[in-house]
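Heads up, the thing below is written out as structure tokens.
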2 protein chains.
Amino acid sequence: MTLNLPPLSAIRAFEAASRHLSFTKAGDELGLTQAAVSYQIKLLEEKLGFAVFERKTRKIDLTQKGALLAEGVVEAFSRLRQTFQDVQDADASELVVSSNTTFAVNWLASRMFSFQMQNPDIAVRLVSYGPWEKPKFDQADVTISACYPPPKGNLFIPLIAAEFTPLVAPQLAQGIGGINTPADLLKLPIIDPDDPWWRTWFSAAGLPDADLTKWPTSRMGSQALEANRAIAGQGVAILTPYFCRQALQQGQLIQPFDLVCAEEDESWALSYPPRNKNSRKVRLFQDWVVSELGRDGLHCPEAVLIGSDD
Amino acid sequence: MTLNLPPLSAIRAFEAASRHLSFTKAGDELGLTQAAVSYQIKLLEEKLGFAVFERKTRKIDLTQKGALLAEGVVEAFSRLRQTFQDVQDADASELVVSSNTTFAVNWLASRMFSFQMQNPDIAVRLVSYGPWEKPKFDQADVTISACYPPPKGNLFIPLIAAEFTPLVAPQLAQGIGGINTPADLLKLPIIDPDDPWWRTWFSAAGLPDADLTKWPTSRMGSQALEANRAIAGQGVAILTPYFCRQALQQGQLIQPFDLVCAEEDESWALSYPPRNKNSRKVRLFQDWVVSELGRDGLHCPEAVLIGSDD
DNA sequence: GTCATGCATAAATTTCCCTTATGCATAGAT
DNA sequence: ATCTATGCATAAGGGAAATTTATGCATGAC
């Protein structure tokens with residue numbers, strides 16, 4: 001098992017030379033000079049202790065042992081190439097997107113069909129993660145995340161500012177005679193009162209001491225679920241208006257106040273490891289996401305390189 | 001066919017790591033540090049554009065694509081190792097000796113049996129070359145040659161001085177009333193009168209102008225053949241006494257004069273390319289040759305490295 | 001909590017691979 | 001026969017890439 005192979009570069013040179021029966025042509029194939037191939041073959045012969053080529057005057061021939069070697073070596077390299085080809089084909093045809101549930105449900109799900117129509121050769125696999133999980137940066141080709149900064153070295157494109165403001169079903173607002181001041185909100189059930197967004201928003205609204213403890217803790221963890229509860233009239237939720245556009249347009253939810261807050265460093269962003277910089281499928285996906293956002297009037301900055309890991 | 005493989009060193013690291021599922025152990029196997037393996041795997045992943053290992057906390061696992069790769073890569077390397085193992089086994093078990101015909105016939109042939117008895121695991125193949133051919137330095141594991149200096153870089157052991165003196169069958173000498181002076185030789189048919197040894201010897205014997213043109217040119221090219229003609233009484237030949245010891249002892253040939261000449265730089269020598277410096281079979285053969293010569297009272301100097309090619 | 005294990009990373013070093021430039025031999029052409 | 005073109009060998013030098021050393025970090029085991 002643990003036979004020490006000669007230097008692999010020498011084996012590779014031999015493989016090519018044995019197919020071409022020419023150092024010059026082998027060099028061409030490998031992108032090397034003839035001298036480099038000659039050097040590697042000599043190296044191989046010294047390691048092996050016998051000649052693999054017979055040097056005729058203007059050509060070379062495999063020696064008996066060289067021919068024996070060539071057979072197996074060519075096969076082995078063929079297997080290698082096939083293996084890498086196969087796995088790269090497999091890779092090119094499957095795009096793994098990791099996204100948090102909110103974005104997956106509110107944004108990706110309804111649009112993915114359009115991407116698949118545009119790129120029928122790419123199978124998309126969506127790996128969503130809940131709000132208490134970390135994004136699976138290393139298991140996905142591309143990740144859409146909020147709150148969690150991608151690993152150092154990743155490429156990063158901010159997509160959507162993570163703005164938030166209370167949203168509520170119109171019937172519910174009417175039920176308490178309309179919502180006119182931020183304090184009115186406290187008359188209603190607060191959906192997910194532990195969400196730090198509430199604290200931030202109430203502070204910005206001039207009520208830093210609003211008592212949010214009287215409602216049961218029930219982190220849904222996903223804006224999709226919270227939005228559904230709000231639409232159902234179960235209370236007031238603090239949500240990102242962009243993700244509720246449809247409900248807002250259709251009057252299922254209303255935004256009582258213009259005050260929209262944003263947490264520093266919390267915004268949805270697309271990111272991917274640097275190795276995917278030239279990946280076709282990632283490029284296509286990124287372009288598609290950006291263009292979809294553009295259709296909603298949102299414009300994304302250029303990709304930037306994440307430099308720090310904090 | 002011409003898919004560009006990732007760096008082979010990275011593939012090799014991956015191959016070992018995929019078997020051990022451990023960078024540390026892979027490093028041990030390859031004689032590298034853990035850091036080197038880690039580096040190579042990272043390199044591979046960047047070239048490929050996807051991860052091949054999942055980093056768990058104190059272990060690593062192949063990713064889906066990694067597992068796909070591993071299968072083929074391990075197989076390919078296994079094929080490589082097998083191939084090299086086979087050809088090295090074949091190499092170890094066959095010793096190719098290139099020798100000129102004279103030495104092969106007069107020395108090797110009768111003794112080879114003893115070598116084969118001592119080394120039953122080594123099959124000897126003798127490639128002899130005629131006097132007008134060059135030694136096949138590069139086709140043989142070890143070469144015994146005279147006159148032709150081995151290629152630069154070869155290891156070289158002088159074996160037998162290429163001395164020469166006229167030898168003749170006793171009946172033939174008697175036929176002309178005995179041979180008393182060098183000039184007497186000219187009364188007899190000269191076997192291979194074009195051999196430059198004749199010129200050298202007659203000059204040394206004080207007859208620089210001896211007319212050797214009256215006999216037909218008939219280079220036998222091999223002392224064995226010339227010796228046989230001399231023994232048969234067809235003429236006088238210029239031969240190396242050592243190679244005719246038996247005939248001299250048995251009285252089939254006599255040496256009329258003590259004058260023995262030697263051409264500069266013409267002596268039988270054993271040589272082999274530097275790559276065989278540590279070859280077991282070559283070492284065994286060399287030791288055997290030297291010991292056989294020792295039994296004849298000849299002692300060989302140490303091997304020297306040929307430094308010039310002239 | 002402490003220690004041990006295993007991988008990641010950075011910087012420095014070394015190795016060795018490759019190129020350039022040249023030589024040599026010879027097959028093929030004139 | 002001579003000349004030219006082709007193909008491999010070799011030496012020297014440069015430089016990229018592989019490796020080591022020295023860390024850090026996370027976590028599982030005790």
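What you see below is based on every heavy atom in this structure, not just the backbone, and it leaves out hydrogens, waters and symmetry mates. The structure displayed is predicted, hence computed values, not measured ones. Throughout, protein chains are lettered first and strands after them, A, B, ... in sequence-line order, and every chain is numbered starting at 1.
Contact annotation: B:Thr57 side-chain N/O to C:dG6 OP1/OP2 distance is not under 4.0 Å. Dashed line: the shortest gap from a side-chain N or O of A:Lys42 to OP1 or OP2 of D:dA9 is not under 4.0 Å. Listed pair B:Ser38 / C:dA8 meets the phosphate criterion, a side-chain N or O lying under 4.0 Å from OP1 or OP2. OP1 or OP2 of D:dT20 has at least one side-chain nitrogen or oxygen of B:Thr33 nearer than 4.0 Å. For C:dA8, one of the phosphate oxygens OP1 or OP2 lies less than 4.0 angstrom from a side-chain nitrogen or oxygen of B:Arg55.
Residue-level contact check: A:Gly31 touches the backbone only, with heavy atoms under 4.0 Å from sugar-phosphate atoms and none from bases.
To the nearest angstrom, C1' of C:dC16 lies 14 Å from CG of A:Leu8. One can place CD1 of A:Ile41 at 13 Å from P of D:dT10, the figure rounded to the nearest angstrom. In this entry the distance linking CD1 of A:Ile60 with P of C:dT26 reads 17 Å, nearest Å. For the pair A:Asp28 CG and D:dG7 P, the computed distance is 10 Å after rounding to whole Å. Atom CD in B:Glu46 sits roughly 13 Å away from atom P in D:dA17 (whole-Å rounding). The interatomic distance linking A:Glu54 (CD) with D:dA9 (P) rounds to 13 Å, in whole Å. When rounded to the nearest whole Å, the span between CG of B:Leu32 and P of C:dT13 equals 20 Å. Look at CD on A:Gln34: it is 12 Å from C1' on C:dC24, rounded to the nearest Å.
In this structure, the nucleotide among D:dA9, D:dT10, C:dA10 sitting nearest to the side chain of B:Ala35 is C:dA10. Of the candidates D:dA18, C:dC17, D:dC8, the closest approach to any side-chain atom of A:Ser9 belongs to C:dC17. Of the candidates C:dT9, D:dA9, D:dA18, D:dA18 carries the atom nearest the B:Leu43 side chain, counting heavy atoms from C-beta on. The side chain of B:Gln40 has D:dA18 as its nearest neighbour among D:dC8, D:dA18, D:dT10. Between D:dC8, D:dT27, D:dT10, one nucleotide has an atom nearer to the side chain of A:Phe23 than all others, and that is D:dC8. Here C:dT5 is the nucleotide among C:dT5, C:dT20, C:dA27 with the atom lying nearest to any side-chain atom of B:Arg58.
Classification of B:Glu29 and B:Lys25 as a salt-bridged pair fails, no side-chain N sitting under 4.0 Å from a carboxylate O. Using a 4.0 Å cut-off between charged side-chain N and carboxylate O, A:Arg79 and A:Glu75 make no salt bridge.
Heavy-atom neighbours of A:Glu46 CD from other residues, nucleotides or ligands within 6.0 Å: above the threshold of 12.
Note: B:Phe23 and B:Phe53 have perpendicular aromatic rings, judged against thresholds of 30 and 60 degrees for the angle between ring planes.
Side-chain contact between B:Leu95 and B:Val142 is present, with heavy atoms from C-beta onward closer than 4.5 Å.
Nucleotides of DNA chain D nearest to A:Lys59 and A:Tyr39 differ in position, and the one nearer the 5' end is that of A:Lys59.
A salt bridge (Lys or Arg N to Asp or Glu O under 4.0 Å) with A:Lys281 is found for exactly one of A:Asp141, A:Asp287, A:Asp89, namely A:Asp141.
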